[in-house]
Structure formats: structure tokens, C-alpha cells
Amino acid sequence: MGACTASAPTPPKSGSLSLAPASQPSISSLDDDCSGLGRAEREISFVSHHRLYVARPGATAARCVVTASEGTDLRWGPQADRAFLLTSAGGRMMLDGVDRSDHLPYSPQAIPQGWSRPRGLAFLWITPDHRSLLKIDAGTGAREDVTFLARTDEAIYHPAGENILAVGEAEDGTYGIFLATNEGTEVQPLVIGESAKRIYSLSFGPSGTLFYAAEHPDRFDAHRISFTKARDTGTVDATLQTVFSTTDEITRVVSSPFRETDVAVQTGTCDTTTVVANGVIDGLVGRSERRDQHLVENTHSLGAPLDEMSTEPVGWLSTHHLLVRARPSGCHGPASLYLWTPQRGAQLLVDHVGTAAVRVAYPDPPPPPAEETEVVA
């Protein structure tokens with residue numbers, strides 16, 4: 001990799017992004033010298049050439065944070081002041097650019113789940129046998145067993161930080177989504193998977209609305225449900241709504257922490273990936289061989305060149321932009337990063353990247369979830 005310019009990235013004006021044409025990468029230089037995490041701003045981040053980079057979306061240069069092996073999973077804490085990077089050599093926790101790889105579960109096969117909320121002081125893991133849910137302190141490495149299910153498939157913190165939601169099987173064999181305190185106590189069912197064969201890919205909106213995917217015998221659905229009392233009415237809308245439904249497999253659901261109406265759903269195989277955004281109101285459709293089977297109305301095409309590429313949603317910026325990782329085909333090998341909006345389409349940011357993530361501080365958390373009777377999925 002050649003030497004890069006010494007000039008610092010120029011931030012765009014507030015509320016706007018100045019990007020290069022769609023066919024030309026807007027980020028043209030990558031800094032060789034790694035300077036630590038630095039102050040969190042509205043940034044995109046990615047791993048390339050064994051380094052973790054961050055950049056403002058409209059910048060022409062990316063700043064190196066830390067040297068890193070090629071990663072498969074990158075997650076920023078809710079305050080964007082720390083990062084977790086899963087590499088082939090095992091996970092790493094980085095605080096102020098310091099590698100804390102010693103603060104990991106005892107098994108390299110443990111499954112990372114994500115940061116605690118709202119400050120990101122701990123990280124959740126599931127043991128390889130799915131029998132234990134571990135909370136590991138990001139500063140000290142202290143391990144705490146917060147298991148509350150007989151089998152845990154996936155877990156996520158509620159944005160308020162007082163509760164953990166987990167998908168799995170209870171001691172009595174009931175399958176679904178369960179709620180407990182952040183210490184793993186006071187367990188209650190939220191969503192019972194009566195017809196769902198599998199529930200997965202949990203993601204929260206800014207007001208505590210939960211988005212998730214469900215596999216049914218004849219279809220895949222992306223659902224939304226809220227268990228948080230509205231600030232204006234004091235009531236809870238516990239109605240289960242279907243955001244998107246398809247006969248193709250749903251791979252991932254990515255909701256925005258800033259707007260309830262921003263949600264992306266990745267569907268299909270690696271060669272026919274579809275991304276759906278604004279599924280509650282609008283939608284966008286990427287490459288698909290059976291577009292007539294997508295049920296979201298008023299869809300918007302991703303546009304050239306993403307219509308003919310394999311795409312996956314990475315995350316949402318507060319500016320209503322969706323960060324998308326794209327490859328010519330398939331799901332392996334280097335990718336390119338794009339920003340997409342319905343108004344401006346796709347803008348190419350940088351080529352030849354591995355794992356990527358949005359680096360943004362989340363807004364103030366909503367109230368904790370209210371106690372409600374469970375719903376059936």
C-alpha cells in the first residue's frame with residue numbers, strides 16, 4: 001500500500017454529504033500510521049490491508065485506528081468509544097486503541113453477541129454449546145454468568161440497559177424471545193414461536209421497537225414489536241407487525257438507532273441478495289430473481305451498479321444513509337462500501353474492504369420495557 005497524503009479528512013457541512021460520483025471511490029487514500037480510536041464522530045469504519053480505518057462519509061482520506069488481522073465481525077460500542085473485532089485469531093476488544101484480547105471467553109469457539117447498553121461497559125457471549133450466556137466486563141475482563149434459558153441462540157441488550165433479550169428454549173421447552181434483567185433474573189416470555197421454526201437477527205429502533213426475522217414453514221418474515229410505554233400516551237403497542245415477507249431466506253435485519261422507519265433486510269442467497277429498507281413505509285429492492293414475490297409496496301431499486309451485485313446492509317447513519325457492502329457476486333472476498341439513500345442512490349466510498357461497521361454514538365435510550373403479556377409469532 002502506497003504512502004498516503006498527510007492532509008486530514010475534511011468534514012462535510014452539517015446535514016449534508018458531499019460524495020464522489022457513484023463509479024469513483026470518494027476515499028482515495030488510506031493512512032499507514034495508526035493513531036488510536038480518537039474522538040467518535042459520524043463515521044464509517046472498515047478493515048483493509050490489515051488495518052482498521054475510520055472516515056467521515058464525505059472525506060477523501062481514511063484514518064488508521066489500529067493494526068488488525070482481517071476480521072469477520074466489527075461492532076462499535078453504543079458510545080462509539082470502543083470496538084470489538086472478531087478475527088481468525090480470536091476476538092479483540094479495543095479501548096482507546098489498546099488491544100484487550102485477553103478479555104475473552106475461555107473458548108475460542110464462543111459466539112459474540114454484542115455490547116451492553118447504554119454505555120458499552122460489557123460484552124455478551126454465548127458458549128459453543130449454547131448452554132451459557134456470559135457477560136464480560138470490558139475493562140477488567142471479569143466474567144459473569146447471566147444465563148436464563150436452557151438453550152440460548154442469540155442475545156441482545158435492550159437500549160435502556162436494564163434488560164437482556166434472548167432467543168432460545170426455556171426449561172419447559174417453550175421456544176421464543178425471552179426478557180430478563182441484565183443479571184439474568186425475573187425471566188418472562190415476550191414472543192412465543194408457535195409457528196416460527198426459527199427466530200433470529202434481533203435489532204432495536206430508537207424508541208425500543210424490536211425488529212427480528214422469523215422462519216416459518218412456507219415463508220420468512222421480518223417483524224416489529226414494541227414493549228416500551230410511549231412517552232406521550234403512556235400505553236404499550238404490543239401488536240406484532242410484519243414489516244416484510246418473502247419466500248427467500250432472510251439473512252439479517254438491520255434497524256436504525258435513529259429512525260423507526262429505517263430498517264434493512266438482507267434476503268436470498270449470496271448470488272441473489274436483496275436489501276429492503278424503510279420496510280414500514282417504503283422499501284428498496286436489490287438483486288432478486290423473483291421480484292414479484294416481494295410484498296413490500298412502493299419499493300425503490302438500489303440502482304446501478306448495486307442491482308447486479310451481491311449486497312448486504314451494514315448499518316444506518318443518523319443522516320438517513322444506509323451503509324452497504326457489495327461484491328460482484330458471492331459472499332466471500334473483498335468488497336466495496338457504498339452509501340445509499342432513495343433520493344441520491346448509491347455512492348461508492350472505498351474498494352477492497354473486509355468487515356465494516358458504522359461508528360456513531362447512539363441517541364439517549366428509551367425507557368425500559370414494560371411488563372406485558374407475551375405475543376405469539
Side-chain angles (χ1 to χ4, degrees), residues 75 77-79 84 93 103-107 110-194 196 198-205 207-212 223 225-230 234-238 240 257 362 364-377:
R75 307 189 195 196
Q79 300 302 316
F84 167 79
M93 290 183 184
H103 291 175
L104 300 174
Y106 51 84
S107 171
I111 308 164
Q113 296 301 291
W115 291 98
S116 64
R117 300 286 295 270
R119 297 179 60 190
L121 301 182
F123 201 90
L124 286 178
W125 297 78
I126 296 174
T127 55
D129 59 7
H130 291 259
R131 292 175 182 243
S132 298
L133 177 63
L134 304 178
K135 180 169 65 174
I136 299 183
D137 187 282
T140 66
R143 292 162 169 79
E144 181 181 357
D145 191 322
V146 293
T147 306
F148 54 91
L149 296 177
R151 189 192 78 241
T152 305
D153 298 331
E154 186 173 331
I156 186 174
Y157 263 84
H158 184 275
E162 297 181 15
N163 299 91
I164 296 174
L165 281 74
V167 177
E169 190 173 291
E171 294 291 344
D172 63 0
T174 303
Y175 175 74
I177 304 175
F178 297 83
L179 175 76
T181 68
N182 54 20
E183 301 298 325
T185 62
E186 302 178 24
V187 185
Q188 68 177 90
L190 290 184
V191 177
I192 303 302
E194 188 174 77
R198 180 168 59 113
I199 295 173
Y200 57 102
S201 194
L202 308 184
S203 182
F204 274 108
S207 68
T209 299
L210 176 67
F211 296 86
Y212 67 91
H223 296 298
I225 188 169
S226 176
F227 295 97
T228 303
K229 288 184 179 180
T235 60
V236 177
D237 179 13
L240 184 68
Y362 290 171
D364 292 338
E371 293 185 7
E372 286 292 319
T373 305
E374 68 269 13
V375 300
V376 176

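Below, each value reflects all heavy atoms present in this structure, side chains not excepted, and no hydrogens, waters or symmetry copies. Positions are given from 1 along the sequence.
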Taking all atoms of both residues into account, what is the closest heavy-atom pair of P365 and P159, and its distance?
CB-O, 3.3 Å
Check for me whether the distance between the ring centres of F123 and F84 falls short of 6.0 Å.
yes
Does H130 reach the side chain of I111, with side-chain heavy atoms less than 4.5 Å apart?
yes
Rounded to the nearest 0.5 Å, the CD1 atom of I177 sits from the CG atom of L165 at a distance of 7.0 Å
Atom CG in N182, atom NZ in K135: separation rounded to 0.5 Å?
4.5 Å
Take L179 and H158 through the side chain to side chain contact (heavy atoms under 4.5 Å, CB included) test and state the conclusion after the steps.
CA-CA 9 Å; L179 175 76; H158 184 275; 5.5 Å; no
Any chance you could measure L202, atom CG, to H223, atom NE2, to the nearest 0.5 Å?
12.0 Å
Atom of N163, atom of P368 and distance for their closest heavy-atom approach:
OD1-CB, 4.1 Å
Rounded distance (nearest 0.5 Å) linking atom CG of L134 with atom CD of Q113:
10.5 Å
Looking at every non-hydrogen atom in both residues, tell me the closest pair between G139 and D137 and how far apart they are.
N-OD1, 2.8 Å
Show every salt bridge (Lys or Arg N to Asp or Glu O under 4.0 Å) that has at least one partner inside residues 166-176, sequence neighbours left out.
R151-E169
Mark yes or no for whether T127, through its side chain, and S132, through its backbone, hold a donor-acceptor pair below 3.5 Å.
yes
CD1/I126 to OG1/T147 distance, rounded to the nearest 0.5 angstrom?
9.0 Å
Flag yes if more than 12 heavy atoms outside R131 fall under 6.0 Å of its CZ atom; otherwise flag no.
no
When you measure from the side chain of S203 to the backbone of F211, do you find a donor-acceptor pair of N or O atoms at a distance under 3.5 Å?
no
Full working for side chain to side chain contact (heavy atoms under 4.5 Å, CB included) between F148 and L133
CA-CA 8 Å; F148 54 91; L133 177 63; 4.0 Å; yes
Which is it for F204 and L210 under the side chain to side chain contact (heavy atoms under 4.5 Å, CB included) test, yes or no, and what are the steps along the way?
CA-CA 5 Å; F204 274 108; L210 176 67; 3.9 Å; yes
Can you see which heavy atom on P78 is nearest to which on S116, and at what distance?
CG-O, 3.4 Å
Backbone N or O of R75 within a donor-acceptor pair of the W115 side chain at under 3.5 Å?
yes
Shortest non-hydrogen pair, P118 vs A160, comes out as CD-O, 3.8 Å
Calculate, to the nearest 0.5 Å, the distance between atoms OH and CD belonging to Y212 and E154 respectively.
12.0 Å
Y157 side-chain N/O to L124 backbone N/O, donor-acceptor pair under 3.5 Å
no
Testing the basics here: between A138 and M93, what is the closest heavy-atom pair and its distance to 0.1 Å?
CA-SD, 4.1 Å
